[in-house]
Amino acid sequence: MNENDSLIFNMSDRADTPSRIPFVVQVVVIQIVKELMDLYTDHGNNHKEIPLPAGRLHVFANDEIFASLGAKVYDMADNNLRIPGNIHMSYTPDAHVGIGTCIGTTAVWDMADGYVSPSIVGSDIGCGMRVHLTPLSKEDILDKKVRRELIRAVEKMVPVNNRSASTYQDIDLEKVVTHGLKGLPQQYIPDAYTPNRKTSISHVENAQFTFDTDYLEYIQSPQWGRGKKQIGTLGGGNHFIEFQVIEIEEEQREIADKWGMKDGQVVVMIHSGSRAWGAMMGREYKKDFEIWMSKKGIGTRDPNLVFAPINTDEGQRYLNLMYSALNYAVINRHMIAYGVLEGMKEVFGSKVEMPVLYDLMHNYALEEKHDGKSRLVHRKGTTRALPPGHSLNATPYQETGHPVLIPGSMGTASYILVGQSEGVKNYYSVCHGAGRIRSRRATKEQVTVDEFSSSMKVGTDEEILVNHRSLQTILDESPQAYKDVDQIIDSVVGANLATVVARCRPLAVIKGV
DNA sequence: ATGTAC
């Protein structure tokens, strides 16, 4: 992609991010930023530092990806840097324009006197990834008939249509948003998730986020109904369930062994979030922040970017309720996986085990200790990648560091990485995926179904099977909508933020609508 | 991303 293309893309994205300042002024801003872009410092190892008018932006990208970033993403970073007291702001190579803040942003404030921004967390709070290992190898599901059967069996348990209701009526919503995985009935923490029942939830990043439950009183009654109805449902857009086959990276074979991963093994990768529960939170509390800002006379160049100090009623209400959405997202992925396990049992027999490898998020703000200080780390489309030995690692991963789950696109590859100690320079944040190069609308206009189906190898023995009769309905999720994931991985590996443990190629894909 | 918002 050349620079002109990226500029056109970013200009057309303006429609999604309306701004109250006149168009002419925006052009001037972009030109100022463009001049400053030439003044960036190159630290080497895919790490660039850009002196924007409002502060410094770190960019972790190889030269090719760096050259493809349009002016609009720098304009957005400049807006975000205007929030007082920012300590660190960065882009991972998958950075692209989002609402108020780019996807691919890591932004940090001190807990003591810092700010929180629902715009930097983004709309799908707690959205993230989960991977389960299976006892199957590629040969077991190469037959298309078997894969079709598997897709059908999973769809019986995991609703993929927007309005279909949860399979589970015996889950107490208040319990799970309060206690996370610990609030689930015991039968949903099956032995088959792990050889040892006791460890199954210690494998995930956070089994429970604690918060002041008095704030749950702010949740309106329709939300409780909707939340209950959507437990264990997939959602639409980029959310998916994939059956993938893994190839271990030679140099990391030792870690792969410890994680129980083998060459040619089939794994289940899940991408989903907090559904309507978290979406409501973002919408509802954005209003709170707007009122706070107008009371204080604080304006922004982008009305979609709202923020308030952590130590305000508004900040506290948002943070506490955001944690309920993180709990929702984790149990939602857990229950999706439970549905997949039931589907697997139907096809491969009741003895199938499906241990969870890991579950982690890429949209949230979390209090973390850095340099001995408590800081609020916002990750909007970035993934935490803790290095070996870091004390925040989940118990089974203390020694190795935890698996970092990075989806590609449905026609390419996904990756499992592990963090590096040098990642401290970016608050241990890496990319969250390939990142879009085209908006949904632009993809539908520019990519044909033929191009899409040829990248899915339709009609060949290597065909990646999809649960949709026609690819037309999910055209905006075609591989052509995304950056080249190999370039993204090359960027973070070259920046010494993480290394590759395994490459995962899709064999079957389940998408929502 | 979202029973796609006012």
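Just so it is clear, the model here is predicted, and its values are computed rather than measured.
Residue contacts shown for A:G236 are limited to sugar-phosphate atoms, with no base heavy atom under 4.0 Å away. A:G273 comes within contact range of no nucleotide atom at all, as no heavy-atom separation falls under 4.0 Å.
Straight-line distance from the CD atom of A:E477 to the P atom of B:dT2: 11 Å, rounded to whole Å. Remark: P of B:dA5 and CE of A:M281 are 17 Å apart, rounded to the nearest angstrom. Per the geometry, CZ belonging to A:R440 stands 16 Å off P belonging to B:dT4, to the nearest Å. The nearest whole Å value for the distance from the CD atom in A:E284 to the P atom in B:dT4 is 14 Å. Rounded to whole angstrom, the span from the CD1 atom of A:I99 across to the C1' atom of B:dA5 amounts to 12 Å. In this structure, NE2 of A:H271 is placed 14 Å from C1' of B:dT2, rounded to the nearest angstrom. Rounded to whole angstrom, the span from the NZ atom of A:K286 across to the P atom of B:dA5 amounts to 12 Å. Rounded to an integer number of Å, the gap from CH2 of A:W277 to C1' of B:dT2 is 16 Å.
In this structure, A:E368 pairs ionically with A:R384, as a charged nitrogen and a carboxylate oxygen lie closer than 4.0 Å. Between A:R438 and A:E445 there is no salt bridge, since no side-chain nitrogen of the basic residue lies less than 4.0 Å from a carboxylate oxygen of the acidic one.
Between the side chain of A:D476 and the backbone N or O of A:K444, no donor-acceptor pair lies under 3.5 Å.
Take the nearest nucleotide of DNA chain B for A:K287 and for A:G227: the residue whose nucleotide is more 5' is A:G227.
Under a cutoff of 6.0 Å and an axis angle of 45°, A:R147 and A:F243 do not form a cation-pi pair.
In this structure, A:R283 does not reach the B:dT2 phosphate: none of its side-chain N or O atoms is under 4.0 Å from OP1 or OP2.
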